[in-house]
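Model, not experiment: these values are computed from the prediction. Read the numbers this way: they start at 1 and go in the same order the structure lists the ligands and their atoms.
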Amino acid sequence: TQSTRPQRLLGAVQQNATRGDPRSVVKTIDQFCKHKEWAMNVGDEKGCILDSVVSELNPATVLELGTYCGYSTVRIASLLPPHARLITLEFNPHFAAVARQIIAWAGLQDKVLLVEGASGDWIPKMKEQFGVKTFDLVFLDHWKDRYLPDTKLMEECGLLRKGSVLLADNVVCPGTPDYLQYVRNSPRYNSQYFRSHLEYTKAEDGLEKSVFLG
Ligand SMILES: C[S@@+](CC[C@H](N)C(=O)[O-])C[C@H]1O[C@@H](n2cnc3c(N)ncnc32)[C@H](O)[C@@H]1O
Ligand SMILES: O=C(c1ccccc1)c1ccc(O)c(O)c1[N+](=O)[O-]
Ligand SMILES: [Mg+2]
């Protein structure tokens, strides 16, 4: 039977990356996507911006919307302090299965809780199921038409506090116009655009960092 792109990406990690070494997992995936097959990971250029936001924030509780193969999960988790936790949501069971193996290969399984299911179903259950109070950082990277409804849902569920940071991928390509308009015009957010490129391409893309003001 034919392999899938995530399976081929996992194979590359298992053959080339060092177990327990997140940086080698990240480098292997970027090499694979640059030279073999494009894949929708945040990539190394936007990944460096993600790293700087995470390092500056030093978050205790992080939510990632959209795991795919776990590339950005590994980038974020590798920068978290010892008792910090990252919850990542993925509703495609095949992608989730591959991501679990890549996160484990990086040795980060103790910092990461991968929840298999849809953001709209799980965001309202975060407090009761996982004892989450509020998120210090949310990385939005799932289907682009879900960024705005899920942001409103997080507000309604009291999952954001004064200073919580939303970091959104792909605000230019493929684009998230309704989300951008919301965070840039709402008095409840301070928003900033970090210009970059669509992963592994020359097309413009960027990350929007929005601080919730309470
Ligand atoms: C662009 S990929 C994530 C890439 C990943 N953040 C990275 O940079 O390595 C988007 C993922 O979000 C998942 N997804 C889309 N909508 C979702 C939703 N509402 N709930 C959970 N997962 C979702 C898709 O199945 C897909 O795997
Ligand atoms: O939507 C796509 C897409 C559209 C068409 C073909 C392939 C991917 C995409 C492209 C780059 C991204 O960084 C990303 O997060 C996504 N995504 O699916 O969430
Ligand atoms: Mg993306």
Checklist entry - Which residue holds the protein heavy atom closest to atom 14 (N) of ligand 1, what is that atom called, and what is the gap in Å? => result Phe91 CE1, 3.4 Å
Checklist entry - Can you list the ligand 2 atoms lying under 4.0 Å from a non-hydrogen atom of Asn170? => result 11 (C), 12 (C), 13 (O), 14 (C), 15 (O)
Checklist entry - Relative to atom 15 (O) of ligand 2, which among Leu65, Asp205, Asp141, Val42 owns the nearest non-hydrogen atom? => result Asp141
Item to check | Nearest-neighbour protein heavy atom for atom 7 (C) of ligand 1, which is reported as residue plus atom name and distance | outcome: Ser72 OG, 3.0 Å
Next on the checklist: Within the 4.0 Å heavy-atom shell around Phe95, which atoms of ligand 1 are there?
Outcome noted: 25 (O), 27 (O)
Checklist outcome for this item: Looking only at protein heavy atoms, what sits closest to atom 26 (C) of ligand 1 is Glu90 OE1, 3.5 Å
Checklist outcome for this item: So the atoms of ligand 1 within less than 4.0 Å of a heavy atom of Asn41 turn out to be 7 (C), 8 (O), 9 (O)
Checklist entry - Taking side chain as C-beta onward, heavy atoms only, is Met40 less than 4.5 Å from Glu199? => result yes
Item to check | Options Tyr68, Trp38, Trp143, ranked by nearest heavy atom to atom 18 (O) of ligand 2, top entry | outcome: Trp143
Next on the checklist: Considering non-hydrogen atoms of the protein only, which is the closest contact for atom 4 (C) of ligand 1, and what is the distance?
Outcome noted: Asp141 OD2, 3.2 Å
Next on the checklist: Please tell me if atom 10 (C) of ligand 2 is touched by the protein, where touching means a protein heavy-atom distance below 4.0 Å.
Outcome noted: yes
Checklist outcome for this item: of all protein heavy atoms, closest to atom 12 (O) of ligand 1 is Gly66 CA, 3.2 Å
Checklist entry - Which ligand 1 atoms does Val42 reach within 4.0 Å, using its non-hydrogen atoms? => result 7 (C), 8 (O)
Checklist entry - Are Leu108 and Leu137 linked, directly or through other ILVMFWY residues, by side chains that come within less than 4.5 angstrom of each other? => result yes
Checklist entry - Numbering the atoms of ligand 2 from 1, which are under 4.0 Å from a heavy atom of Glu199? => result 11 (C), 12 (C), 13 (O)
Checklist outcome for this item: Ala118 heavy atoms within 4.0 Å reach ligand 1 at atoms 20 (N)
Checklist entry - Lys144 to ligand 2: N or O pair under 3.5 Å? => result yes
Item to check | Heavy-atom nearest neighbour in the protein, as seen from atom 19 (N) of ligand 1, with distance rounded to 0.1 Å | outcome: Ser119 OG, 3.0 Å
Checklist entry - Would a 4.5 Å heavy-atom cut-off, applied to side chains only, mark Val13 and Ile29 as touching? => result yes
Next on the checklist: Measuring centre to centre across the rings, with the benzene-like ring taken for any Trp, is Trp122 within less than 6.0 Å of Phe130?
Outcome noted: yes
Checklist entry - With a 4.0 Å heavy-atom cut-off (strictly under), which part of His142 contacts ligand 2: side chain, backbone, both or neither? => result backbone
Next on the checklist: Given the ring of Phe32, does Lys27 sit roughly above its face, with NZ or CZ under 6.0 Å from the centre of the six-membered ring and within 45° of the axis?
Outcome noted: no
Checklist entry - Side chain, backbone, both or neither: which part of Asp150 has a heavy atom under 4.0 Å from ligand 1? => result neither
Checklist outcome for this item: Short version for Asp169: what comes under 4.0 Å of ligand 2, heavy atoms counted, is side chain
Checklist entry - With atoms numbered from 1 as shown, which atoms in ligand 1 lie under 4.0 angstrom from a non-hydrogen atom of Gly117? => result 20 (N), 21 (C)
Checklist entry - How many protein atoms of type N/O/S are positioned less than 2.8 Å from the Mg ion (ligand 3)? => result 3
Next on the checklist: Could you check, using the six-membered ring where one of them is a Trp, whether His142 and Tyr147 have ring centers closer than 6.0 angstrom?
Outcome noted: yes
Checklist entry - Mind checking whether Phe212 and Met154 have side chains closer than 4.5 Å, heavy atoms only? => result no
Checklist outcome for this item: atom 2 (S) of ligand 1 sits nearest the protein heavy atom Tyr68 CB, 3.6 Å
Next on the checklist: Under the criterion side-chain contact (heavy atoms from CB on, under 4.5 Å), I'd like the reasoning laid out for Ile76 against Phe139: C-alpha separation, chi angles, the key distance, then a yes or no.
Outcome noted: CA-CA 9 Å; Ile76 297 168; Phe139 180 50; 4.2 Å; yes
Checklist outcome for this item: Quick note, salt bridge (charged side-chain N to carboxylate O under 4.0 Å, His left out) partners involving residues 205-214, not counting sequence neighbours, are Lys46-Asp205, Glu56-Lys209, Arg184-Glu208
